[in-house]
Each structure stands twice: as C-alpha cells, then as structure tokens.
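FYI, side chains are in, hydrogens and waters are out, and symmetry mates aren't considered; it's all heavy atoms of this structure. Positions are given from 1, in the same order as the sequence printed here.
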Amino acid sequence: MSSLSLPRVLQQRKSSLEIEREHFEKFQSASIGKAINQHESPVKEKHIRSAILGTFHEKCAETFWKCVLQLPILDNRIVAWKFCHVLHKVLREGHPQVISNSLLYRSKIEDLGKLWGHLREGYGKLIQHYCQLLCAKLDFHHRNPRFPGNLNLSKDELESIGDNDINNYFQMSVEMFDYMDEILALQSAIFGSLDMSRSNSMTSSGQCRLAPLIPVIQDSSQLYDFGVKILFRLHASLPPDVLTGHRQRFLNQFRELRKFYIAASTLQYFRNLIQIPTLPENPPNFLVQAELRSYVTPVVILPEEPPDSEPILTPDSGATADLVDIGSTHTNGSVSPDVLAERDNLIEHLQSELSRLRNETQRLIMQHQQTVLQLRERVAALETDLATKDSELEQERIQKEELLQLTDVAAKFHEADKKAKTVEEKFQKLKEVYSKLRDEHIQLIRQKADVDKQLANVRNVELESEEREKSRLEQVLEQLATLQATADTAAEHNQALTSRVEWVSAEKEKLESELQDLLSQKEELDIRLLDFQDKLSNSQSDQKLLFENVITEAENIMRQTVNELGNPAISVLTCSPGYLRSLVPALESSINALAAAPKVGNIVPVTHLTSQFAILGKATSNTAHDIEFGDRMAGVCRELAQACLEALSSVRQVGSCQVGELRGRVAELSELAVSLDTELQGGTTELIADSLEAELQSMDKAIEEAARRIEEMLTKSRAADSGLKLEVNEKILDSCTTLMAAIRVLVQKSRLLQAEIVSQGKGTASAKEFYKRNHQWTEGLISAAKAVGMGANFLLTAADEVVSGGGKLERLVVASQGIAASTAQLVVASRVKASRNSTNMSQLSSASKDVTQATAGVVATAKSCMQLVEDSEELDVSGLSLHQAKRLEMEAQVRVLELESDLEKERLRLSALRRHHYQLAGETDESPTL
C-alpha cells in the first residue's frame with residue numbers, strides 16, 4: 001500500500017495562490033460563458049458584473065479576453081452579438097487598464113464586424129455596426145486617455161483635459177462627433193431590425209437586440225453634454241463662420257438623438273431598467289453665450305436592479321450557514337477547494353454589493369447635486385430673463401418718449417423761446433424792484449445808526465449834566481420817545497422789506513432754475529438737430545459717392561469691353577444672329593428705363609446688357625463670309641460701346657442721360673444681324689450638295705488607294721520576307737484586302753441606294769434642290785463619308801507599319817474596328833430615307849454584314865498572329881540561375897505595373913478624346929443654325 005501511495009506523495013503540491021488563481025479563472029470562464037451564450041435573450045447583469053469584478057480583481061483584462069476568445073463568436077451570431085454587449089459594459093465599468101488591454105485586440109473586433117457584415121440581414125449588420133462603435137470607442141480613449149471608460153467627468157476635469165487650448169477643444173469636438181455618429185448608426189440599425197423581424201420589446205428576441213442600447217444611451221448623453229459645453233467654448237473664442245460645419249453636424253446629431261430618446265422612452269422594456277433623459281425641442285443657440293446658463297445637463301439614471309429569479313450567493317443565504325472552519329478541513333497540509341470556492345464567492349459577492357452601494361450612493365449624490373445645479377441655473381436664467389425684459393421695456397419706454405419729444409420738438413422750441421423771453425422780462429422787473437428795496441433798506445439802516453448815535457450822545461450829556469439839565473429831561477425824554485417810536489417803525493419796515501427781499505430771492509431762484517431747464521432743453525434740441533443734419537448730410541454724401549462709384553465701375557466695364565473688342569483672341573468666338581437679335585428687347589427696355597430715371601438701379605443693367613450685346617455682336621461678325629461686312633459689323637460694336645460711355649458721361653456731368661446715339665447703334669447692329677442671318681441661311685444650303693458629291697468621291701478614292709497600297713505591300717513582303725514574318729504579313733494583308741473589298745462593295749451599294757432615294761424624293765426638281773430641302777440628312781451622309789475615308793487611311797497606315805516591322809497588331813485591330821463603325825454610320829445615314837421594300841436597301845444591309853464579318857476576320861487574324869509571335873519568343877529559363885531568375889521576375893513585375901499604369905492613363909486619354917470628338921461633332925452639326 002505504501003508503494004501505491006508513494007507517487008502521490010512525490011507529486012508537487014500547488015500553492016494557495018495557484019489554487020486561488022485557478023479557481024478565479026474557472027469562475028470567470030463560467031460567468032462569461034453564462035453571459036455570452038447561444039440563447040436569444042438579454043444578457044443578465046449579474047454575469048456581466050462578475051466579469052467586471054474580475055477585471056478589478058486582477059487589475060487588467062487578460063483573463064476576460066482569454067475566456068472570450070475561446071467562445072464561438074465567429075460561428076454563432078447570437079454569441080457574437082452578446083460578446084459586443086458584454087465588451088461594451090466591461091469597457092465602461094471595468095478596471096481602467098481594460099481599455100489599454102483591449103486595444104491589442106482591436107483588429108480582431110474589426111475583423112469580426114467585417115465577417116458578420118456579409119450577412120446582409122438580421123444580426124449581421126447589427127454586429128458590424130456594434131464592432132464599428134467599439135472600435136470608435138477604443139480609438140477615442142486611445143487619443144484621449146484622460147477620459148474614463150464611463151465618460152463621467154466634472155466641469156473642472158473637462159477644462160483640465162482641454163488645457164485652455166482652443167486647438168484641443170476643436171479636435172476633441174470632431175472626435176466626439178465621430179463617436180456619436182457610430183452610436184446613432186447602431187441605434188438606427190437596431191430599431192430597423194426590430195421592424196423587419198416583427199419583434200417588440202416584450203419578446204425575448206426583441207429584448208436581446210434592445211439590451212445593448214442601455215450603455216449606448218449612457219455614452220450618448222455624456223457625449224451630448226460634452227459637445228454642447230465645448231461648442232460654447234469654441235464660439236466664445238472663434239468666429240462663427242469657422243464653426244459653421246460644427247454647428248450643422250451638431251444640429252443633425254441633435255435631431256437624430258432626440259428621435260432616438262423619444263423612441264426608446266416609449267418601449268416598455270426600458271421603463272424599469274433606465275430613466276432616459278429628455279432633450280429640448282430646440283437645440284442650443286451657440287451664437288448667444290447667455291444660453292449656456294439656461295442649459296440643463298441630461299442625466300441618465302439607472303434604477304435599482306430587480307431581484308433575479310436565480311439564487312445568488314449572499315451573506316444571509318444558506319451557503320453562509322454551511323461555512324466550516326477552514327482550519328478543520330486540512331488534508332495533507334492543504335485547504336479544501338470547496339471551502340476556498342465558497343470563500344471567494346462570498347468575497348466577490350460582498351465586493352459587488354459594496355461596489356453597487358457605492359455606485360448607488362454616488363448616483364444619489366450626483367442626482368442631488370444635479371438637481372441643485374439645475375435649480376440654480378434655472379433661477380439664474382429667470383433672473384437674466386427678468387433683467388433682459390426690464391431693459392427691453394426701459395428701452396422701449398425711452399424710445400417712445402424720444403419719439404413723442406421729436407414730434408413736438410418744434411412747438412416746444414418756440415414755446416421755450418417765448419417763455420424764456422417772458423421770464424427774462426419778469427426777472428428784469430424784479431431786479432429793479434429788488435434794487436429799490438435794497439437802497440431803501442440801506443438808507444433806513446443808516447438812519448437807525450444815526451439815531452443810535454444821537455441816543456448815545458444824549459445819554460452821555462445826561463450823565464454829565466444830569467443835574468444841570470433836569471429841567472430839560474422831560475423834553476429830552478419826549479424827544480427820545482419820539483425817536484424810539486421812529487426806530488420801531490423803521491425796524492418793522494426793515495423786517496417787512498427783509499421778508500419781501502427773501503420772497504423776491506426765492507422767486508428769482510425759481511425763475512432761474514426754470515430758465516436753466518429751458519436752456520438745457522434748448523441745448524439738447526440743438527444737439528439733436530445738429531445730429532440729424534449730420535446724418536442727413538452723411539446719407540446724401542454716401543448716396544453721391546455710391547452713385548459716382550457705380551458710374552465709374554460702369555465706365556470701366558465699357559472700357560474693358562472696348563479693349564476686348566480689339567483683342568485678336570475674340571476672333572475664334574462665334575454666335576448666331578438669331579440669338580443676338582433675341583437680346584435686343586431687354587436692352588432697349590433697360591435703355592428706356594435709364595432715360596426715364598438715371599439712377600443706380602438702371603445704370604447697372606444697361607452697362608451689363610450693352611457689354612454683352614457688343615461682345616456677342618463681335619462674335620456674330622466672325623460668322624460672316626464677307627470680310628468687309630464682318631469688319632463693318634465689328635465697327636458698329638465698338639461705336640455701340642463708345643455710345644454707352646458717352647451716355648454714362650452725360651449722367652455724371654449733367655444728371656440726365658442722353659441715349660439717342662446708343663439707341664441708334666443698337667438698331668443698326670440689330671439690322672446687320674438680320675442681314676447676316678439671311679445671308680448665312682442662303683449660302684449654306686447651296687454648298688451642301690457640292691460638298692456631298694466631293695466627300696463621296698474623296699471616299700471612293702481613299703478606298704481605291706488603300707486597296708492598291710495593300711496589294712503593293714503584299715507583293716513587297718512576299719519578295720523580301722520569309723518564314724514566320726512572311727506568314728504573319730500574308731495573313732494580315734489578306735484579311736485587310738478582304739475587308740477593303742467588302743467596304744468597296746458596301747460603298748457601291750450605298751451610292752445605288754442614294755441615287756434611288758434622290759430619284760424618288762426630288763420629283764420634278766433637281767438633285768441639288770433635293771439636297772437643299774433635306775440638308776440635315778445630307779450633312780449626315782457627308783459626315784459618314786468623311787469617317788469612312790479617314791478610317792481607310794488609318795487602316796492603311798496601321799497595316800504598313802505592321803508589315804514594315806515598326807507597328808503593333810493592336811493598332812491594326814483598332815483601325816479595322818474604326819472603319820467598320822464608320823461604314824455602319826454610312827449604312828444608318830442611308831437607311832433613314834430609304835424605302836422598306838427597297839432592293840438596294842437589302843443589298844446594302846447584306847454588304848454591311850459582309851463588312852462586319854471581314855472586320856471580325858481582321859481581328860481574329862491579328863490575334864492569331866500575336867499568338868504566333870508570342871510562341872516564337874517564348875522565354876528559355878532552363879539556363880537561368882536563382883539570382884537571374886529572381887531579377888527577371890522583379891523586372892517582369894515592374895513592367896506589369898508600368899503597363900497597368902500606362903493602360904489606365906491611355907483609357908483616361910481615350911475617354912477625353914471621345915468627349916472632345918463628340919463636342920466637336922455637336923458644334924459642327926449646330927453651326928449652321930446658330
């Protein structure tokens with residue numbers, strides 16, 4: 001028995017840390033596996049919470065990613081969708097190191113989105129949008145590492161991240177807009193998939209799709225808040241024009257986000273899981289900084305989680321009662337794994353409960369602070385609105401008073417003058433009365449002083465000669481009594497005069513104050529009158545300056561027109577006489593308006609229309625066949641511009657416009673345009689018939705010459721060449737000979753059909769008269785004949801270069817296809833006027849088919865010859881070394897890239913040439929009618 005138990009004793013025992021680590025990985029794997037399963041139902045929060053606590057336990061996300069990568073996220077769409085949801089929650093609420101760890105797996109997330117994006121419906125597009133959102137979130141946090149995963153920042157923290165640098169705020173706003181675009185794209189796809197799958201928020205499949213919108217709403221509310229604050233900061237530092245793109249992008253996102261919140265708040269599924277904020281009907285006006293005070297930050301509230309039906313480990317559950325003493329479960333010096341598992345579960349649960357309570361406390365504190373802040377902001381906004389309204393009312397009252405005062409200013413001014421004169425007269429009278437009273441008062445005071453002196457003398461005499469003048473005492477006393485009565489009377493009179501002087505002084509002060517008020521009103525009215533006179537003079541000077549500037553600019557335009565009429569480059573410009581005559585009514589009406597009222601609104605149209613009429617008149621003169629007639633018409637255009645300059649000069653000098661000369665030049669130029677139109681219409685139709693015959697003969701000669709030259713080249717090649725070169729030349733020239741013979745037959749049949757058409761359609765008239773009546777059809781034949789002649793010459797040149805060894809077979813293919821297209825144009829031009837049952841028409845169609853077959857023969861011969869040449873020039877690699885083979889391989893790759901680049905350039909050049917050719921052809925067709 002000892003021998004059997006020996007290997008177990010010798011086995012290496014695991015440490016407690018290793019056992020705990022192993023148990024942690026198993027527990028994380030089980031929790032993540034329960035969270036990310038194949039059932040189409042929403043992810044349970046307790047499993048997500050276990051994964052989040054695991055990131056805090058190991059302070060990173062290595063175990064999380066290790067477990068996730070073992071799941072079938074590439075095989076099952078439900079597993080991939082739930083993986084995106086769980087990863088989003090872990091990035092938001094997990095350890096801060098989770099974001100940096102997840103950046104290593106960004107490419108896997110992106111590949112996952114691309115893979116499921118091929119599934120065009122259902123969860124495929126949802127997973128693609130969710131992966132794009134996760135990549136955008138990782139990129140945002142990578143560029144802005146100071147933002148936490150849940151985006152919860154205070155105002156001071158946001159300002160510290162911006163570092164008071166407007167460039168940082170500008171770049172940060174752009175990145176937040178990109179982040180918000182991905183959020184809005186995901187929610188739109190989710191709601192769209194609900195409508196397509198006919199799911200709702202109360203079904204398991206609908207809840208599986210809607211569950212990720214909870215962290216999406218949390219992210220979007222924070223991004224919206226940051227965007228509003230940053231945009232207000234940017235508008236306070238930068239001009240509004242620079243931020244036009246930012247405002248437009250924010251406005252679009254605001255509308256989409258408000259629709260998203262309204263749609264989500266109507267769903268029954270979200271009512272017990274999240275409190276969705278409500279955005280205002282109108283977005284903030286960033287051009288008014290005062291609106292920042294009335295801005296209310298949207299707050300997302302997550303209610304307390306409802307109890308789950310599955311049992312979880314809690315301190316009060318029966319699992320706690322079954323805990324045993326760890327020391328009593330030792331087996332061979334180790335701890336029981338079950339006890340460790342229960343202990344870890346209990347610790348994790350307690351940590352999760354503690355974290356939940358902390359989050360709940362923090363949420364309540366933030367909610368309270370947010371409520372207080374909102375109330376304060378609301379009070380400040382109401383106070384601001386009240387102050388604004390008061391100021392507006394005060395301004396309106398002042399404006400009303402000013403208007404009332406302005407209406408009565410003249411009457412008050414005259415009344416004030418009259419009142420001032422009256423007051424002045426009263427003041428002079430009162431001044432005279434006051435002077436008289438003052439003189440009387442001074443005289444009485446002097447009399448009183450004399451009486452006092454006399455009384456003192458009397459008393460002195462009485463003391464000195466009391467005894468001697470006792471007899472005279474009664475007389476003196478009587479005199480004294482009389483004098484005393486006189487003094488009392490004088491004192492009373494003095495007191496009356498004093499009171500009267502005081503009343504006069506008060507009246508004077510009152511009149512002076514009224515006079516001062518009237519003078520101040522007069523000065524104020526004088527100042528306002530001067531202001532009005534200054535404004536009136538400034539307005540008149542501005543209007544005069546504007547009038548001078550407009551006339552100067554108009555004269556400059558006409559001088560520029562005169563210079564342009566003498567410019568030789570304008571000789572290539574053409575215009576139809578009919579279009580020139582269509583401009584006459586508008587020009588004449590503008591000239592009449594200018595003659596009636598020479599003002600700015602009439603000068604500008606006359607200048608521009610006259611300049612345009614003169615330039616187009618010169619262009620019309622270029623279409624005249626008679627050089628003297630064209631010079632005469634160009635001279636009238638210059639006289640027209642000079643007449644306009646003289647009319648403008650008369651407006652500047654006299655104030656009235658003299659337009660007689662200008663009207664005469666307009667009428668003369670219009671008559672010349674009518675004569676030129678008649679001449680052009682008569683001469684064009686005369687030349688059509690002769691031109692057709694000349695082009696058809698030229699085409700016949702070109703075809704005959706090409707056939708003859710091909711025969712000569714074939715004879716020379718047979719005499720000078722041998723072997724593969726002779727074989728290639730014979731095949732090419734034989735196919736070209738066959739093609740030219742078929743084209744010759746087609747041209748002959750075309751001439752027969754043309755003669756038949758002319759004989760049937762001309763009646764008793766001549767062939768030239770028939771061509772005149774059908775000049776457009778005749779021009780089509782001329783164009784087709786020219787194209788056939790040019791194609792024959794091009795084919796001859798290409799064949800000559802190939803036979804001489806300096807050309808390419810590809811050019812021969814292009815030449816044969818080009819001449820086949822030209823003959824097809826000739827057939828179509830002939831078929832327009834032909835009868836359906838015409839024998840010549842059927843023969844022409846048969847000849848056209850022969851040309852097509854001959855063209856195909858040339859192309860096939862060229863390709864077979866190219867194959868023969870390539871087979872003869874096959875590369876012998878038997879004697880090459882490794883280095884030589886590698887060098888030749890690299891040179892071949894370089895040559896392939898160069899040829900591809902040249903091919904792309906030539907395709908672009910071919911496209912440009914074809915556009916130019918079509919443009920020239922259109923101008924040629926339209927030139928007789930312009």
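Within the model, atoms NE2 of His85 and CD1 of Ile48 stand 4.5 Å from one another, a figure rounded to the nearest 0.5 Å. Here the straight-line distance linking atom NZ of Lys259 with atom CZ of Phe254 works out to 11.5 Å at 0.5 Å rounding. For the atom pair Ile183 CD1 and Phe260 CZ, the distance stands at 8.5 Å (nearest 0.5 Å). Annotation: the span from Asn150 atom CG to Leu153 atom CG amounts to 8.0 Å, rounded to 0.5 Å. Atom CD of residue Glu360 and atom CD1 of residue Ile365 lie 10.5 Å apart, to the nearest 0.5 angstrom. Rounding to the nearest 0.5 Å gives a distance of 10.0 Å between CD of Gln268 and CD of Gln207.
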For this session: Might you work through the side-chain hydrogen bond (donor to acceptor under 3.5 Å, both in side chains) test for Tyr261 and Ser220, ending with a clear yes or no?
Result: CA-CA 10 Å; Tyr261 285 173; Ser220 63; 2.7 Å; yes
For this session: Check the pair Tyr295 / Phe232 against ring-ring contact (aromatic ring centres under 6.0 Å, His included), numbers first and verdict last.
Result: CA-CA 11 Å; Tyr295 167 70; Phe232 270 114; 7.2 Å; no
Exercise. Run the side chain to side chain contact (heavy atoms under 4.5 Å, CB included) check on Arg92 and Lys137 step by step: do they pass?
Worked result: CA-CA 10 Å; Arg92 274 188 53 83; Lys137 183 176 181 64; 4.1 Å; yes
For this session: Could you walk me through whether Ile161 and Met172 pass side chain to side chain contact (heavy atoms under 4.5 Å, CB included), step by step?
Result: CA-CA 10 Å; Ile161 292 175; Met172 200 185 306; 3.9 Å; yes
For this session: Could you walk me through whether Ser102 and Trp65 pass side chain to side chain contact (heavy atoms under 4.5 Å, CB included), step by step?
Result: CA-CA 8 Å; Ser102 300; Trp65 279 104; 3.1 Å; yes
Problem set entry | side-chain hydrogen bond (donor to acceptor under 3.5 Å, both in side chains) assessment of Tyr123 paired with Glu40 | CA-CA 11 Å; Tyr123 282 95; Glu40 192 173 6; 2.8 Å; yes
For this session: Decide yes or no on side-chain hydrogen bond (donor to acceptor under 3.5 Å, both in side chains) for Asn164 and Glu159, but give the supporting numbers first.
Result: CA-CA 7 Å; Asn164 201 21; Glu159 291 180 354; over 6 Å; no
Problem set entry | side chain to side chain contact (heavy atoms under 4.5 Å, CB included) evaluation trace for Asp139 with Arg106 | CA-CA 9 Å; Asp139 294 338; Arg106 185 190 180 283; 2.8 Å; yes
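For the pair Glu182 and Ala136, the tightest heavy-atom approach, listed with the atom from each and the gap, is CG-CB, 3.8 Å.
The number of heavy-atom neighbours closer than 6.0 Å to CD of Gln289, taken from other residues, nucleotides and ligands shown, is above 12.
The residue from Val79, Ile78, Ile127 that alone fulfils the side chain to side chain contact (heavy atoms under 4.5 Å, CB included) condition with Ile73 is Val79.
Between the side chain of Ser188 and the backbone N or O of Leu184 there is no donor-acceptor pair closer than 3.5 Å. The closest donor-acceptor contact from the side chain of Thr371 to the backbone of Gln367 lies under 3.5 Å.
Within the 6.0 Å centre-distance limit, the rings of His95 and Phe56 are counted as a close aromatic pair.
Between the side chains of Arg249 and Ser173, no donor-acceptor pair of N or O atoms lies under 3.5 Å.
The cationic atom of Arg247 (NZ for Lys, CZ for Arg) does not lie both less than 6.0 Å from the six-membered ring centre of Phe286 and within 45° of the ring axis.
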